[in-house]
Amino acid sequence: GDSVTQMEGPVTLSEEAFLTINCTYTATGYPSLFWYVQYPGEGLQLLLKATKADDKGSNKGFEATYRKETTSFHLEKGSVQVSDSAVYFCALRQNNDMRFGAGTRLTVKP
Amino acid sequence: EAGVAQSPRYKIIEKRQSVAFWCNPISGHATLYWYQQILGQGPKLLIQFQNNGVVDDSQLPKDRFSAERLKGVDSTLKIQPAKLEDSAVYLCASSLDPAATNEKLFFGSGTQLSVL
């Protein structure tokens with residue numbers, strides 16, 4: 001079945017460092033791809049999404065490009081802030097089925 | 001707009017006891033989901049409702065878990081009896097249009113269940 005694999009954490013970076021969190025997927029069709037973020041004590045919220053190949057989702061300085069040839073949707077940010085500390089989940093949705101990766105915890109230190 | 005409301009926020013019970021969680025989705029959202037998030041893992045879908053009908057409950061352990069969405073609005077998820085491995089955060093989510101595969105889900109803050 002459809003699945004999502006993302007890099008294991010935790011990831012610890014210094015403020016202003018470059019961030020990459022890898023995500024790859026397996027799907028039989030053409031899913032939509034998402035990154036959700038969970039800040040401490042809060043529910044999951046959508047960070048960005050892409051609905052077709054070569055689409056780039058972006059929000060709050062984060063970007064991810066839907067790469068069909070490598071079945072990937074890596075999350076990147078050029079300069080992280082302490083406030084970006086959270087757990088990041090890659091997800092895919094096909095039909096009514098939303099599948100999540102295991103999550104990657106990011107800690108940004110000042 | 002008001003978000004997805006869940007209660008209680010935390011629950012501690014002993015194994016073999018019963019527990020119930022409540023969710024009120026965003027007004028007008030047709031689709032409601034219950035997810036189980038075990039520590040260190042991503043959310044796993046337990047059951048999905050469209051209005052008051054079940055769309056997918058293939059991963060719901062039906063011998064102990066049950067859920068209902070009477071009147072197609074709020075929903076309850078029950079575990080009876082609970083096991084140690086049920087310790088997790090139970091997330092409720094909703095979305096407006098079930099046919100829109102690129103539509104995001106709105107999540108509540110979850111109920112953290114500890115089974116002792």
Side-chain angles (χ1 to χ4, degrees), chain A residues 1-10 21 23-53 55-57 59 64 66 73 75 86-105, chain B residues 1-7 9-10 21 23-26 29-51 53-60 88-112:
Chain A
D2 296 351
S3 65
V4 175
T5 302
Q6 60 182 105
M7 65 184 283
E8 293 187 13
I21 301 178
C23 170
T24 57
Y25 68 91
T26 302
T28 53
Y30 301 95
S32 294
L33 302 175
F34 303 80
W35 277 99
Y36 279 81
V37 59
Q38 189 172 30
Y39 297 105
E42 299 183 17
L44 277 80
Q45 55 187 276
L46 180 69
L47 179 61
L48 55 84
K49 68 179 183 182
T51 59
K52 61 184 187 296
D55 267 3
K56 178 185 283 187
N59 185 26
Y66 191 143
F73 193 55
L75 182 69
V87 182
Y88 293 81
F89 293 91
C90 186
L92 69 80
R93 185 172 185 182
Q94 187 146 242
N95 301 317
N96 275 318
D97 194 2
M98 180 80 88
R99 300 285 177 108
F100 289 86
T104 302
R105 179 175 298 279
Chain B
E1 87 189 338
V4 176
Q6 288 189 248
S7 66
R9 187 72 179 89
Y10 304 94
F21 313 125
C23 172
N24 192 12
I26 293 174
H29 280 197
T31 308
L32 184 148
Y33 309 78
W34 282 102
Y35 284 86
Q36 179 192 58
Q37 186 179 10
I38 293 173
L39 186 65
Q41 299 180 20
K44 183 186 84 171
L45 180 68
L46 292 175
I47 189 168
Q48 177 185 342
F49 291 95
Q50 182 173 330
N51 297 310
V54 175
V55 174
D56 182 356
D57 64 355
S58 57
Q59 298 192 80
L60 186 74
V89 176
Y90 290 85
L91 298 169
C92 180
S94 69
S95 65
L96 181 61
D97 180 2
T101 57
N102 61 356
E103 188 182 80
K104 70 178 183 180
L105 272 58
F106 293 82
F107 283 86
S109 297
T111 296
Q112 185 171 325

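Remember, predicted model here, so these are calculated numbers, not experimental data.
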Revision key, fill the gap. ring-ring contact (aromatic ring centres under 6.0 Å, His included) filter on F89(A), not counting sequence neighbours, yields none
Study note, to complete from the structure: CZ (R93(A)) and NZ (K104(B)) are apart, to the nearest 0.5 Å, by 12.5 Å
Study note, to complete from the structure: Whatever's closer than 4.5 Å to a heavy atom in chain B on Q38(A) counts as side chain
Check your understanding: Can you say whether L105(B) sits under 4.5 Å from chain A via the side chain, the backbone, both, or neither, judging by heavy atoms?
Key -> both
Point to revise | Heavy-atom closest pair, residues G101(A) and P43(B) | key: O-CD, 4.5 Å
Practice item. Kindly write out the residues that satisfy ring-ring contact (aromatic ring centres under 6.0 Å, His included) with Y90(B), not counting sequence neighbours, or none if the list is empty. Key: F21(B)
Exercise for review: Please state whether the side chain, the backbone, both or neither of Q112(B) comes within less than 4.5 Å of a heavy atom of chain A.
Suggested key: neither
Review point. Based on non-hydrogen pairs under 4.5 Å, which of R105(A), E8(A), M98(A) is most in contact with chain B?
Key: M98(A)
Review point. From Y35(B) OH over to F100(A) CZ, what is the distance, rounded to the nearest 0.5 angstrom?
Key: 5.0 Å
Check your understanding: G103(A), G41(A), A102(A), A91(A): which one forms the most heavy-atom pairs within less than 4.5 Å of chain B?
Key -> A102(A)
